[in-house]
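Below is one structure, written out as structure tokens; the observations come after it.
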Amino acid sequence: MLANHNYSSTTNVNFDLLTYMIGSYHYNWHEQLELLWLLKGHVEANVDGERFLLNPDDLILINTNCGHATFARSSDCIAMRLHITSTFLTDQGVSLNHGAFQLNSVTVPQHQDYALIRKILARLQLADTTHRSIFEINALYYRLISLLLQDFFNPEVTINAPLKRRQGSLNRVIQYLNHTYDQAVTLDRVAAISHYSSAYLSRVFKSELGINFYEYLTRCRLQHAVYDLEDRTMKIADVAFKNGFKEVKSFNLMFKKHFGQTPSNYREHLQLESRPQKDQFKQPLNVKQTDWVFAQLQQVINSTTTDSLSACNHCVYKRQFSDYQALKVKVGQLKKVLNQ
């Protein structure tokens, strides 16, 4: 069986590793850096106002205090996330006041370090089953942090982390929506409760999540509806009305827009398994999922990986990628000229 790891009390490092099934839509932020590895499924990640569609094996690193959320676009989405405490980095002399990590396999599909990062994460997750010593766990973790710092930390980039005051106000709104998504909720009503204008609250949603208020509300309703669809005794119409949709037609349209299939088709592909808790955005793995993850991680560990000290800043790939980025800019400029 897989174990959830928090090594802060047993080793010289402080991190938290968890493999889970992505559950309900949830927006949050925290002081830790978060390294996410999607093992299975298709997930949309919203990070500080930007949206990224993650496919299996994609990696993304979320900087400290950046607002983020994950939206499962298919059933049975499994991810591994590693929390790295900011104090661990600052204790090693790394300043997080200037600069940010830039690791995103969606925007940069190929990198020399990706395979090695996945292998280290797999070894850390299976540390108990492979009987690794405290020394080996420490060595793996320091190796991973070294890769991240050498090849993905840009001291010249500034992340516009949301202000604490704004975070608090948005957090109250999110909590309110999580409890009232099934009711006739409006932007004006929520703005009045949060003591902000509708225009201001709308801007906050757009700037921090990259989606507007009603899109967030729709996603909350849809991901709660997903769990109700697993109850085959409920009619599609009942699922729609229970989760805040006024019409079955609008429910079908929104469901197909976000999941690529109708609620009826989705239900047909469901496996007859125990239903998870609907309000939990990190679902524990069942036995079948655990066995699948174990096999996948073993395959990653056994794969051949070039364990170089770092990805050279002047390697052929980086030069080619820079040329590609410059070409994209020129093509964009040319399009603007032609459209004038």
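As the structure is a computational prediction, the values presented were derived from the model and not from experiment.
- The shortest distance between side-chain heavy atoms of L177 and F213 falls below 4.5 Å.
- A search for salt bridge (charged side-chain N to carboxylate O under 4.0 Å, His left out) contacts involving D182 returns nothing, not counting sequence neighbours.
- To the nearest 0.5 angstrom, S105 atom OG is 11.5 Å from L61 atom CG.
- Side chains of L54 and V106 form a contact here, defined as non-hydrogen atoms less than 4.5 Å apart.
- Here the side chain of R172 pairs no donor or acceptor atom with the backbone of S194 at under 3.5 angstrom.
- Taking every heavy atom of both residues into account, H98 and F153 meet most closely at O-CZ, 3.6 Å.
- Contact between V43 and A72 at its shortest, heavy atoms only, is CG2-CA, 4.3 Å.
- For the atom pair NE2 of H111 and CZ of F152, the computed distance is 4.0 Å after rounding to the nearest 0.5 Å.
- Partners of S133 according to the side chain to side chain contact (heavy atoms under 4.5 Å, CB included) rule, which considers only residues two or more places apart in sequence or in another chain, are F135, E136.
- V108 places a side-chain heavy atom less than 4.5 Å from the side chain of Y114.
- Partners of Q299 according to the side chain to side chain contact (heavy atoms under 4.5 Å, CB included) rule, which considers only residues two or more places apart in sequence or in another chain, are Q296.
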Between R132 and L140, does a side-chain contact (heavy atoms from CB on, under 4.5 Å) hold up when you go through it step by step?
-> CA-CA 10 Å; R132 292 189 177 276; L140 284 170; 3.9 Å; yes

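- In this structure a side-chain-to-backbone donor-acceptor pair under 3.5 Å is missing from S146 to R143.
- No close placement of the F205 and Y214 rings is indicated, their centers lying 6.0 Å or farther apart.
- For residues 37-71, the set of pairs meeting the ring pair (Phe, Tyr, Trp, His ring centres under 6.0 Å) definition, not counting sequence neighbours, comprises Y25-F71, H30-H68, F71-H258, F71-F259.
- No chain of hydrophobic side-chain contacts below 4.5 Å, direct or via other Ile, Leu, Val, Met, Phe, Trp or Tyr residues, connects L53 to L39.
- A chain of hydrophobic side-chain contacts below 4.5 Å, direct or via other Ile, Leu, Val, Met, Phe, Trp or Tyr residues, connects V94 to Y141.
- Applying the 6.0 Å contact sphere to CD of Q92 captures more than 12 heavy atoms from other residues, nucleotides or ligands.
- In this structure, the separation between SG on C66 and CG on N46 is 13.0 Å, given to the nearest 0.5 Å.
- Between the R81 side chain and the D16 main chain, a donor and an acceptor come within less than 3.5 Å of each other.
- Atom-to-atom distance recorded for L35:CG and L59:CG is 6.0 Å, nearest 0.5 angstrom.
- Counting non-hydrogen atoms of other residues, nucleotides and ligands closer than 6.0 Å to CZ of R51 gives a total above 12.
- Counting all heavy atoms, side chain and backbone alike, F101 lies closest to L33 at CD1-CD2, 3.1 Å.
- When side chains are defined from C-beta on, I236 does not count as touching T262, because their heavy atoms never get closer than 4.5 Å.
- The closest side-chain heavy-atom distance from I60 to D58 is not below 4.5 Å.
- Residue V300 comes nearest to K119 through the heavy atom pair O-CE, 3.3 Å, listed as atom of the first residue, atom of the second, then distance.
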For L148 and I117, run side-chain contact (heavy atoms from CB on, under 4.5 Å): C-alpha distance rounded to whole Å, both residues' side-chain angles, the deciding distance at 0.1 Å, then the answer.
-> CA-CA 9 Å; L148 298 179; I117 289 173; 4.2 Å; yes

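- Residues I137 and L124 are in side-chain contact: their nearest non-hydrogen atoms beyond the backbone lie under 4.5 Å apart.
- One distance of note links CG of D76 with NZ of K288; it measures 8.0 Å at 0.5 Å rounding.
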Can you check side-chain contact (heavy atoms from CB on, under 4.5 Å) on Q32 and I84, steps first, answer last?
-> CA-CA 5 Å; Q32 302 100 322; I84 305 167; 5.8 Å; no

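- Closest non-hydrogen pair, G41 versus S74, comes out as CA-OG, 3.5 Å.
- Among all heavy-atom pairs drawn from R267 and D228, the shortest one is NH2-O, 3.9 Å.
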Audit row: F88, I145, side-chain contact (heavy atoms from CB on, under 4.5 Å) steps and yes/no | CA-CA 10 Å; F88 174 78; I145 300 302; 3.8 Å; yes

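- The line from CD of Q125 to CZ of F294 is 10.5 Å long, rounded to the nearest 0.5 Å.
- With contacts defined as side-chain heavy-atom distances shorter than 4.5 Å, the pair V173/V204 does not qualify.
- Counting only heavy atoms from C-beta outward, the side chains of N104 and V47 never approach each other to under 4.5 Å.
- Residues forming a salt bridge (charged side-chain N to carboxylate O under 4.0 Å, His left out) with R219 (at least two apart in sequence, or on another chain): E44, E215.
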For residues 244-257, please give each side-chain donor-acceptor pair under 3.5 Å, one per line with the distance, not counting sequence neighbours.
| from | atom 1 | to | atom 2 | distance (Å) |
| --- | --- | --- | --- | --- |
| S250 | OG | E247 | O | 2.9 |
| N252 | ND2 | V248 | O | 3.4 |

